[in-house]
Chemist: 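Encoded as structure tokens, here's the structure I'll be asking about.
What you see is a predicted model; the values in this text were computed from it and never measured. Side chains included, hydrogens not; waters and symmetry mates left out as well; all remaining heavy atoms used. Every chain is numbered from 1 and lettered A, B, ... according to where its sequence line falls, protein lines coming before strand lines.
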Amino acid sequence: MSRDPIFRPWMDQLLKLLGAGAAVTGLYAVLMVYFGLSPKTLSAGYMPQQPVPYSHALHVGELGLDCRYCHTTVESAAFAAVPPTQTCINCHEKIAPTSHKLDPVRNSFVSGLPVQWIKVHDLPDYVYFNHSAHVTRGVSCVECHGRIDQMEEVHQVKPLSMGWCLGCHRNPASHLRPVDRVTDLDWGLDRTEEEKAAQGNEIMKGLGLIDESGLPTTRLTLLTNCSTCHR
Amino acid sequence: MGHGSTIDLSTENRTLGSLSGKLIGFGAVLAAFGLVGTLLLGMLEGAFDEAPAQSHESAASHGQSDPGTAPSAAQQQHPAAQEKHHEVIHGFVTEWSIWHPYLVSVCFFLTVTLGALFFVLTHHVTNAGWSTVVRRIAEGVSRNVVLMALILIPIVTPGPMGQLYKWFQPDPSDEIIAVKASYLDYDWFLVRLGCYFLIWTILAWGYHRSSVAQDQDGDVRRTSRMSSFSPLGVLLFALSITFAAYDLLMSLDAHWFSTIFGVYIFAGSVLSFHALLALLIVWLQANGRLTRAITDDHMQDIGKMMFAFTVFWAYIAFSQYMLLWYANIPEETIWFLRRQSTWMWGFWGWMLIIGRFFVPFLFLMSRHIKRKRLTITIGALWMLAMQWADMYYLVMPQISNGQQFPFKMVDVTIVLGMAGVYIIGLALSLRGHSLIAERDPRMPESLAFENA
Amino acid sequence: MKELLDKLGPILRPEFTGNAESPEIDNTAYSPDNRTPLLTGSDDNTTISDKVCQIVEQKPTIGWWMFFLLSFSVLGLLGVFVPFLIFWGVGTWGVNNPVGWGYAIVNFVFWIGIGHAGTLISAILFLFRQKWRTSINRAAEAMTIFAVICAGLFPGIHVGRAWFAYWMFPIPNQMELWPNFRSPLLWDVFAVGTYFTVSLMFWYMGMMPDLATLRDRAKHPLRKVVYGILAMGWTGSHRHWHVYERAYLLLAALATPLVLSVHSVVSFDFAVSQVAGWHSTIFPPYFVAGAIFSGFAMVMTLLVPARQFFGLKDVITLKHLENMNKIIMLTGMIVGYSYAQEFFIAWYSGVNVEKFAFINRAFGQYAWAYWIMVSCNVLSPQIFWFKKMRTSLVVMFIVSILVNIGMWFERFVIVVTSLANDYTPSAWDYYTPKLTDVAIMLGSFGLFFTLFALFCRFMPFVAMTELRGVLAAATHSTSTAPDDTSGKPAAGS
Amino acid sequence: MEMNTEMLDTPAVETITAEDSVDPKPVLMLAEFETADLLLVAAAQVRDQGFRLWDCHTPYPVHGLDGAMAIRPTLLPWIVLGGGALGFCGGMLMQGWMNAVDYPFLVSGKPFWSIPASIPVGFEMTILFAAIGSFFGMLLLNGLPRLYRPHFRSDRFRRATSDRFFISIDGRDRRFDVESNARLLGELGATAVEVIEE
């Protein structure tokens, strides 16, 4: 007595292919999640359109304004203040007083309501980041924000992910510079890695992160403590 | 392979017979050797010198410790002082006496004996079939509880009690012992021990007697009766072994407590009995007893039980260590810290971890090991040695807060001597009747047992 | 529900084809010299297949639909309240400042505990050659899987940000951060994950030959395809059986320490802490015994009606139920032993907070919960000392429900009383669950029973293969064996 | 085929041919037996005839068939042992590397790498990998999963998973021969003999 088998011989070959396909798909999905959902992909390059086409390249790069002229609280507070409209008006009362591009600024000055700038470098609420703690210890603006002085429009360069933060917190030496050079975004670009490390180590000694013999101190371990950033 | 139910028990050499005399003789020699050795070596090692007076210590503690401060708090605040006057501040640290190795030895043989009792009870609870051929041997071993009661008597006299158990004469300033004074009370302690031994004796002798009587009358109702009483027996056994473990071993450090302690002693007890059972079977069969009734298949099951209880012991021991280690509460961790305070005690702990778990775990995994007489003998001897090492680990570090490793030759001679006495007890218990529960209704099933 | 079923029986139950509905036969008589047969009735390999497969092959009855729809609508609570919880956060729960662990962890531990009976039956009883497991292991294993699914729900949602649940696993990520392996909560992830995986493999492997039976009996093309895929091409080849049996034995040997470890690890969540009433060294074996206790009770709750409903009274006989009752009684007493040890040692320790924790449990604000726990868990199984009670369906069903309740309250008592009255009296507060707590708990029961209803409907409810082995062993002694190589003796069946 | 008188009881050989096959060749011979006992005797005979690629099919594992078929012990325990060892070492190394090397951070005063705290996860990984080795090792050694088997062309063979016992001889066996094999199996008590052609 015969019966008709519901599956055919060739389907077993298909089964092998399906198995291999499932394995590949699984791997693909994992890699997609790992790379696709990473802040490197999702956040870096973020460039919202601002209400005013303010050019850092012009103001900082060409005209040579210091960062701290506008972001006044950066050395003393956790938050790097976005300048009030008055700061803009200081110059733009005289310079380009009729430019339509500056309409929102003048409107703001008249009405007293702030310009609706859009925050580019936005950390999650559970991250405690203190600008003054970094800036006054020799971490330059450029380390996190990139060459703002060359940007027509500000965009996020670094991923600002936790792993990226840790990269520096674990091994700060080559990211440090003399405190008075912090806002010079084009300073020391020609230094070699060895020079950076040597210079950084001296600064770390000064900060008490490593001792005279170059061994890490307890202070250094605090840089990677959970509660340093998650308070 | 299959041997079917074809073994005719009547052709089997199934009484101890002349072996009983040999066993008694060997036991007597061993006991005498142990006694003489203990006396001689004890003399040499100063074991019988006047024990350090308890009164001296309590007087010292009177003078030095502030009655207003709880001792544990004092430890916390003055680690240096604790180091220097540990015997003063700890209400639970003793000096070496001959009774310490004696207690180790008593506990070793007592746990093995209780394991036998548990074996008998549990095989009635579960109506087990495979074990019927070996149950009589377990019944014989379990009757030795009476002997163990006799051996224990010297310890519970006031002198040795004072040297072993600090709660016997606590420092008046010891508030922790004062809290539990109503439990750790000498009279009450004696009453409790009496109850435990009464329970054990009634169970062991009752089951043995009923089983032997069945050899004569073949009454299957005996099996029913034993079976229906066994759940209550297990209940009584569980409670009595737990509190016996608290009383005899845990209260050596009257400050320390662990809810799993009774289970820990139970695990080692059942494990070591299965080792002794395997040894007895190998020895009996080497002397031509029960050579066909007990097969490789039965040995394999005994080996499996050894394996299972090896894992169970490790599980219980790990649970206790892990929970105390993790929570890191001083009054609890002191017990283990004491056992890690010198490298020798640290080594002893590792020896238990490796020797009592990893080695037998790997060794007993293979079925061939469990079935071969030589290998199972090695395994069983090893497990018994480890049970002794475990009891040693529970008792001896109490001496001088674990600061010394108090090994003396009498540790060995006492065990040997007691083993001699124990063997005599075994011979008396096993002789005069069959070594196998001849007319047990499950005998055919057990004889035909095949370990798939 | 049982009485209702009895009344509506003829309408609700399947109509049994082939062999009529099995009668209730008392095979629990104890006789030391003659082991009573496990299976009553006169089934052979053919009728066993018919009997078990017809549950799956028949059209679903009204009774099944009612049970399924009722469970499914309760499951709907999860559909409503889990999104609600995720949207609004755990503030919608009743947890407050001292009692930071509430229903979520209580339900988690409860369901994990329920999930212990299946693997115990399938693995430990297998190793102990307890053949009575064969009639009940399939349903119990299925129940294990579903209970672990219910348990897994709670850690997933209890942290509030459910979409970050993957943080529990050691997956490389942009935070360059790894889980903290020194935390017992992470051990839970590994223990429960392993337990689920191994139980699933064990269950599926046991089902493969039975799925092949269903495949070979299937009439409908869809069934042919689905069971054909699920059976994986099983032909009953003995070369396959040879490897299969070894694999099954090894899985059982692996699952045995695993089942002990899982609830031990769950107990570590509590016992490694310094919270009075939680930090007790007996917790691991005590939790394991409690888990087996509650798991068996749940198996009983499910099987007593199911065997009536599906006409399996001569497959899942009174003897099976009696044996389970004995285990319920044994584990109940181990639990009682642990309660007693905790109380004694709390007093013996001389530690005031320990003493307070236990006196507070028994006589404090939550005394009502404590005494529900004690009376359900310790007292109610004592009725099983009497054989008449052990073999009474009504009594065992009621006791099983009581034990389920009692074991839920055990977790409630442990979690809540110790936290509500901790070291800081000024912070003490009373814990009251809110609607979300209760709804999600009920929803998890809906999930459990829905999955179980689907299992009854689509999977072989009883391990037919193993029953055939038991039948072969039972009948073998009477048949004339051709040579010595065949089979095990009749003993033990 | 013509049968002599002493084989009158022997069932006729039925040939089952796949409809879609161009050049049908016998790939499998199936013989049905009523009981496990008959199968055991028959299997021992088939073994003694020197067949290699043959098998028994039973609705439950029949004890004694291992011997009757001369099946050698399986490799599976070694796969499981390997899985367990891999799981244990992998689990321990994973914890040590992740918590003590790659990102050491201090939690509740525990050492970065502490053995007691690593045991639960190490244990679970041991069991997990050993169990995976057992399950997938079984599938691997048995060449499963398969969707199609020539056996499934036989209607009788449906009962192999319920209440009948079969011996199958693979067409690739060097002693495979439709006539002589069918006669042998018939003499051994087969109630039906079928040849599957593809």
Chemist: In sequence, state the C-alpha distance, the side-chain angles, and the governing distance for C/M201 and D/F136, and then conclude on side-chain contact (heavy atoms from CB on, under 4.5 Å).
Modeler: CA-CA 9 Å; C/M201 291 193 296; D/F136 288 98; 4.2 Å; yes
Chemist: Taking all non-hydrogen atoms of both residues, which atom of D/S114 and which atom of C/R182 are closest, and how far apart?
Modeler: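 Nearest heavy atoms, D/S114 then C/R182: OG-CG, 4.0 Å.
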Chemist: With a 4.5 Å limit on heavy-atom distance, are the side chains of C/P257 and D/F123 in contact?
Modeler: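 Yes; the side chains approach each other to less than 4.5 Å.
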Chemist: Heavy atoms under 4.5 Å from chain D: which residues of residues 215-227 of chain C carry them?
Modeler: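 Interface residues of residues 215-227 of chain C: C/R215, C/D216, C/A218.
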Chemist: Is the shortest side-chain heavy-atom distance between D/L147 and C/I229 below 4.5 Å?
Modeler: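 Yes; the side chains approach each other to less than 4.5 Å.
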Chemist: Would you check, one step at a time, whether the test side-chain contact (heavy atoms from CB on, under 4.5 Å) holds for C/M464 with D/Y60?
Modeler: CA-CA 9 Å; C/M464 291 178 273; D/Y60 60 91; over 6 Å; no
Chemist: What residue, out of C/V189, C/T213, C/D210, has the most heavy-atom pairs lying under 4.5 Å from chain D?
Modeler: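 The option with the most such pairs is C/T213.
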Chemist: Heavy-atom count check: over 12 atoms from other residues, nucleotides or ligands less than 6.0 Å from C/R239 CZ?
Modeler: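 Check passes, neighbour count above 12.
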Chemist: With sequence neighbours excluded, what pairs up with C/R468 under the salt bridge (Lys or Arg N to Asp or Glu O under 4.0 Å) test?
Modeler: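 Not a single residue meets the salt bridge (Lys or Arg N to Asp or Glu O under 4.0 Å) criterion with C/R468.
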Chemist: How far apart are the closest heavy atoms of D/V121 and C/W187, and which atoms are they?
Modeler: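 In terms of heavy atoms, the two residues are closest at CG2-CD1, 3.5 Å.
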Chemist: Using heavy-atom distances under 4.5 Å, tell me whether D/A130 contacts chain C through its side chain, its backbone, both, or neither.
Modeler: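 Contact with chain C involves both backbone and side-chain atoms of D/A130.
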Chemist: Side chains of C/W178 and D/D102 only: does a donor on one sit below 3.5 Å from an acceptor on the other?
Modeler: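 Per modelled atom types, C/W178 and D/D102 side chains form a pair under 3.5 Å.
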Chemist: Hey, which of C/V198, C/L251, C/L467 has the most heavy atom pairs under 4.5 Å with chain D?
Modeler: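 The answer is C/L251.
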Chemist: Between D/W97 and chain C, with a heavy-atom cut-off of 4.5 Å, which part of the residue counts as in contact: side chain, backbone, both or neither?
Modeler: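 The side chain, not the backbone.
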Chemist: Taking atom CZ of D/F88 as the centre, does the number of heavy atoms from other residues, nucleotides or ligands within less than 6.0 Å exceed 12?
Modeler: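 Not more than 12 within 6.0 Å, no.
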Chemist: Under 4.5 Å from any heavy atom of chain D, what part of C/V243 do you find: side chain, backbone, both or neither?
Modeler: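 The answer is both parts of C/V243.
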Chemist: Listing request: all salt bridge (charged side-chain N to carboxylate O under 4.0 Å, His left out) pairs with a residue in residues 122-149 of chain D, at least two apart in sequence or in separate chains.
Modeler: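 Qualifying pairs: A/D12-D/R146.
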Chemist: Does some side-chain heavy atom of C/H242 sit less than 4.5 Å from a side-chain heavy atom of D/L65?
Modeler: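 Side chain of D/L65 against side chain of C/H242, heavy atoms only: no contact under 4.5 Å found.
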Chemist: If the condition is side chain to side chain contact (heavy atoms under 4.5 Å, CB included), which residues does C/L127 pass it with, not counting sequence neighbours?
Modeler: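 Residues passing side chain to side chain contact (heavy atoms under 4.5 Å, CB included) with C/L127: C/L249, C/A252, C/T256.
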